[in-house]
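Atom set for the values below is all heavy atoms of this structure, side chains included, hydrogens, waters and symmetry mates excluded.
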Amino acid sequence: MAQVEIRKLSKQFGEVQAVHEVELQAREGEFLVLLGPSGCGKTTLLRMIAGIEAPTSGDILIGGRTVTHVPPRARDIAMVFQSYALYPHLKGEGNLGFFFKAHKIDDKAAEERIRITSEMMGIGFNQLLDRKPATLSGGQQQRVAIARALAMRPKLMLFDEPTSALDPELVDEVLSVMRGLAAEGMTMIVVTHEMAFARDVCDGLAFMDGGVIVEQGLPSEVLVRPQCERTQAFLSRVIGK
């Protein structure tokens, strides 16, 4: 059974068809990458899976359970945004703990989860957790954001271009964390333009254009021998294929 199954998922904003009848699957522990030009529907697709946007039609299944109309906090899904989305008035520990207060998880259990997640991410208390976002670098803020998502113990992690807002020297810091998650078997769907990272780490790759999935398959197939002219044109621009 697929851990994630998307069935004919569509989203329309007025006259604009942002996503059209997308079908997609990811097995448990699979790392799936979404590629495509800006405005092709990648982020909208992630936001529908996360429950942030309501689809116009279609279904979303997680672990065989339909969650299309289930509230976000009941979906076992965590999303990491390109802009970090940390609460600026809270220190790192407060950002991690905010979820637990919303779900009425007792302080002792919350502290243990924060400790385990912080150790997994290599985040020391004095280094990051006792500081507000404004005092952290972009890479450090993104690490806190990923730790916050992991503390929810999700079945699925969604990443929307997690390195696009980072300075080039900080990109490897975040990609290293994601490589570790992939090695540990976290199911992930990632929107990224980091082609070398996608080629080396992901299990499957889907190329979107105009709100539809044009081509999908193994990274060695799609990146090296793309069949669709639109995929070929995109890759020729971003990696000089």
Side-chain angles (χ1 to χ4, degrees), residues 1-12 17-37 40-72 74-81 149-150 152-162 178-179 181-195 197-228 230-231 234-235:
M1 178 188 295
Q3 176 72 358
V4 184
E5 186 173 0
I6 309 302
R7 298 177 178 172
K8 295 188 178 298
L9 201 65
S10 297
K11 178 65 179 182
Q12 191 160 342
Q17 187 74 53
V19 175
H20 182 63
E21 295 193 345
V22 163
E23 301 220 352
L24 197 64
Q25 289 189 1
R27 301 182 306 274
E28 184 174 359
E30 186 172 10
F31 186 118
L32 181 64
V33 163
L34 293 177
L35 293 180
C40 72
K42 304 183 303 293
T43 294
T44 300
L45 177 58
L46 286 193
R47 289 171 65 87
M48 286 192 289
I49 296 171
I52 300 170
E53 291 281 357
T56 304
S57 60
D59 280 305
I60 304 162
L61 288 80
I62 304 295
R65 180 174 70 103
T66 300
V67 299
T68 314
H69 304 293
V70 172
R75 292 191 179 203
D76 294 325
I77 298 171
M79 185 166 174
V80 177
F81 303 86
L150 283 174
M152 302 178 191
R153 295 180 178 174
K155 293 180 179 177
L156 171 65
M157 288 272 284
L158 306 174
F159 291 84
D160 185 15
E161 298 194 33
M178 295 174 67
R179 283 190 178 93
L181 293 177
E184 292 171 7
M186 171 64 73
T187 307
M188 293 185 281
I189 301 179
V190 180
V191 170
T192 183
H193 286 119
E194 299 290 340
M195 295 299 168
F197 173 71
R199 182 189 62 236
D200 296 342
V201 181
C202 79
D203 302 299
L205 190 148
F207 176 74
M208 288 188 71
D209 187 42
V212 301
I213 292 181
V214 175
E215 187 169 355
Q216 59 183 309
L218 298 174
S220 59
E221 297 170 347
V222 179
L223 294 179
V224 179
R225 293 181 297 275
Q227 301 301 304
C228 175
R230 186 66 188 90
T231 312
F234 175 81
L235 292 175

Trainee: What's the separation between atom CE in M79 and atom CD1 in I189, rounded to the nearest 0.5 Å?
Mentor: 10.5 Å
Trainee: List in chain and number order the residues that pass salt bridge (charged side-chain N to carboxylate O under 4.0 Å, His left out) with E23, two or more places apart in sequence or in another chain; answer none if no residue qualifies.
Mentor: K8
Trainee: So, taking the atom named CD in Q17 and the one named CD in Q12, what distance separates them when rounded to the nearest 0.5 Å?
Mentor: 4.5 Å
Trainee: What do the steps show when you test F31 against F197 for ring-ring contact (aromatic ring centres under 6.0 Å, His included), and what is the final call?
Mentor: CA-CA 11 Å; F31 186 118; F197 173 71; 5.7 Å; yes
Trainee: Show me the donor-acceptor pairs within less than 3.5 Å that the side chains of residues 212-224 make with the rest of the protein, sequence neighbours left out.
Mentor:
from: E215; atom 1: OE1; to: Q227; atom 2: N; distance (Å): 3.3
from: E215; atom 1: OE1; to: C228; atom 2: N; distance (Å): 3.0
from: E215; atom 1: OE1; to: T231; atom 2: OG1; distance (Å): 2.9
from: E215; atom 1: OE2; to: Q227; atom 2: N; distance (Å): 2.7
from: E221; atom 1: OE1; to: L218; atom 2: N; distance (Å): 3.3

Trainee: Identify the residue among L24, L61, I60 that makes a side chain to side chain contact (heavy atoms under 4.5 Å, CB included) with E5.
Mentor: L61
Trainee: Rounded to the nearest 0.5 Å, how far apart are CD of E21 and OG of S57?
Mentor: 6.5 Å
Trainee: In Å, rounded to the nearest 0.5 Å, how long is the span from CG of D160 to NZ of K42?
Mentor: 8.0 Å
Trainee: So, the side chain of T187 versus the backbone of E28: is there a donor-acceptor pair under 3.5 Å, distance only?
Mentor: no
Trainee: Which side-chain hydrogen bond (donor to acceptor under 3.5 Å, both in side chains) pairs, counting each pair once, include a residue from residues 46-56, with sequence neighbours left out?
Mentor: none
Trainee: For the pair R75 (side chain) and V67 (backbone), establish whether a donor and an acceptor sit closer than 3.5 Å, ignoring hydrogens and angles.
Mentor: yes
Trainee: What I want to check is whether the side chains of D59 and T66 have a donor and an acceptor closer together than 3.5 Å.
Mentor: no
Trainee: Has the side chain of R230 got a donor or acceptor atom that lies under 3.5 Å from a matching backbone atom of M208?
Mentor: no
